[in-house]
Amino acid sequence: MPTEFTKKVLMLIKNIPKGKVSTYGRIAKLAGNPKAARQVSWILHSSSKKYNLPWHRVINSRGEISIKSVESKELQKRLLENEMIEINSEFKIDLNKYHWDLQSIEEINTNKKGR
DNA sequence: AACCTGACGAAGA
DNA sequence: TTCTTCGCCAGGT
């Protein structure tokens, strides 16, 4: 059974637009627990397939692909490049350019209603 | 229950 | 700016 926090995290990640990225810390904060960045990463690597999430759009606060396995790292890079996101040779992304600028979880709910 | 672990992050040095 | 240290949280052993 996913906790409230987990559900919010999943919902937020699903809503990251194509061509944008977000960070573990930001997702945690928006989901209501600013200090649970590590938990966000755990949710991702344990259940991204299960929930069919755009896991590749979540990176660390320094704008880098923060993944250990070399294969997955390359995969994530390719997935992001497919969305026209630039990544340098050190797996770094310009957050100022690509960071999803959502301010609160309410914005998602509002947009859904409005549409 | 105790201890370890990590796709994290802020704060110091 | 780069490197450590330390706090966090929950799952695994």
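Keep in mind it's a predicted model, so treat the numbers as computed, not measured. To find a chain, count down the sequence lines: A is the first, B the second, and so on, and within it residues start at 1. Atom set for the values below is all heavy atoms of this structure, side chains included, hydrogens, waters and symmetry mates excluded.
Side-chain contact between A:Tyr24 and A:Ser61 is absent, with no heavy-atom pair separated by less than 4.5 Å. The shortest distance between side-chain heavy atoms of A:Ile59 and A:Phe91 does not fall below 4.5 Å.
Of the residues in residues 22-37 of chain A, those lying under 4.0 Å from DNA chain C by heavy-atom distance are A:Lys35. Within a heavy-atom distance below 4.0 Å of DNA chain B, the residues of residues 66-100 of chain A found are A:Ser66, A:Ile67, A:Lys68.
One finds no salt bridge joining A:Arg78 and A:Glu81 here, because no Lys/Arg side-chain nitrogen approaches an Asp/Glu carboxylate oxygen to under 4.0 Å. Under the 4.0 Å criterion applied to side-chain N and carboxylate O atoms, A:Glu90 and A:Lys92 are not assigned as salt-bridge partners.
In this structure, A:Ala28 and A:Ala37 approach most closely via the heavy-atom pair CB-N, 3.7 Å. In plain terms, the two heavy atoms of A:Ala31 and A:Leu12 that are nearest each other are N-CD1, 3.7 Å. Residue A:Val21 comes nearest to A:His99 through the heavy atom pair O-CD2, 3.2 Å, listed as atom of the first residue, atom of the second, then distance.
One can place CD of A:Glu4 at 17 Å from C1' of C:dC9, the figure rounded to the nearest angstrom. Note: CD (A:Glu64) to C1' (B:dC8) measures 12 Å, nearest angstrom. A straight line from CD of A:Gln39 to C1' of C:dG7 spans 15 Å, rounded to a whole angstrom. Atoms NE2 (A:His56) and C1' (B:dA7) sit 14 Å apart, rounded to a whole Å. Summarising the geometry, the separation between CG on A:Leu44 and P on C:dA10 is reported as 16 Å, rounded to the nearest angstrom. Straight-line distance from the CD1 atom of A:Ile65 to the C1' atom of B:dC8: 16 Å, rounded to whole Å.
In terms of position along DNA chain B, the nucleotide closest to A:Trp42 lies nearer the 5' end than the nucleotide closest to the other residue of the pair A:Trp42 and A:Asn60.
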- request: For A:Glu86 and A:Tyr98, run side chain to side chain donor-acceptor pair (under 3.5 Å): C-alpha distance rounded to whole Å, both residues' side-chain angles, the deciding distance at 0.1 Å, then the answer.
  value: CA-CA 9 Å; A:Glu86 305 167 67; A:Tyr98 297 108; 2.9 Å; yes
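A donor-acceptor contact under 3.5 angstrom links the side-chain atoms of A:Arg38 to the base of C:dC8.
Exactly one residue among A:His56, A:Lys18, A:Lys20 makes a side chain to side chain donor-acceptor pair (under 3.5 Å) with A:Glu83. That residue is A:His56.
The phosphate of B:dG9 has OP1 or OP2 within less than 4.0 Å of a side-chain N or O from A:Ser61.
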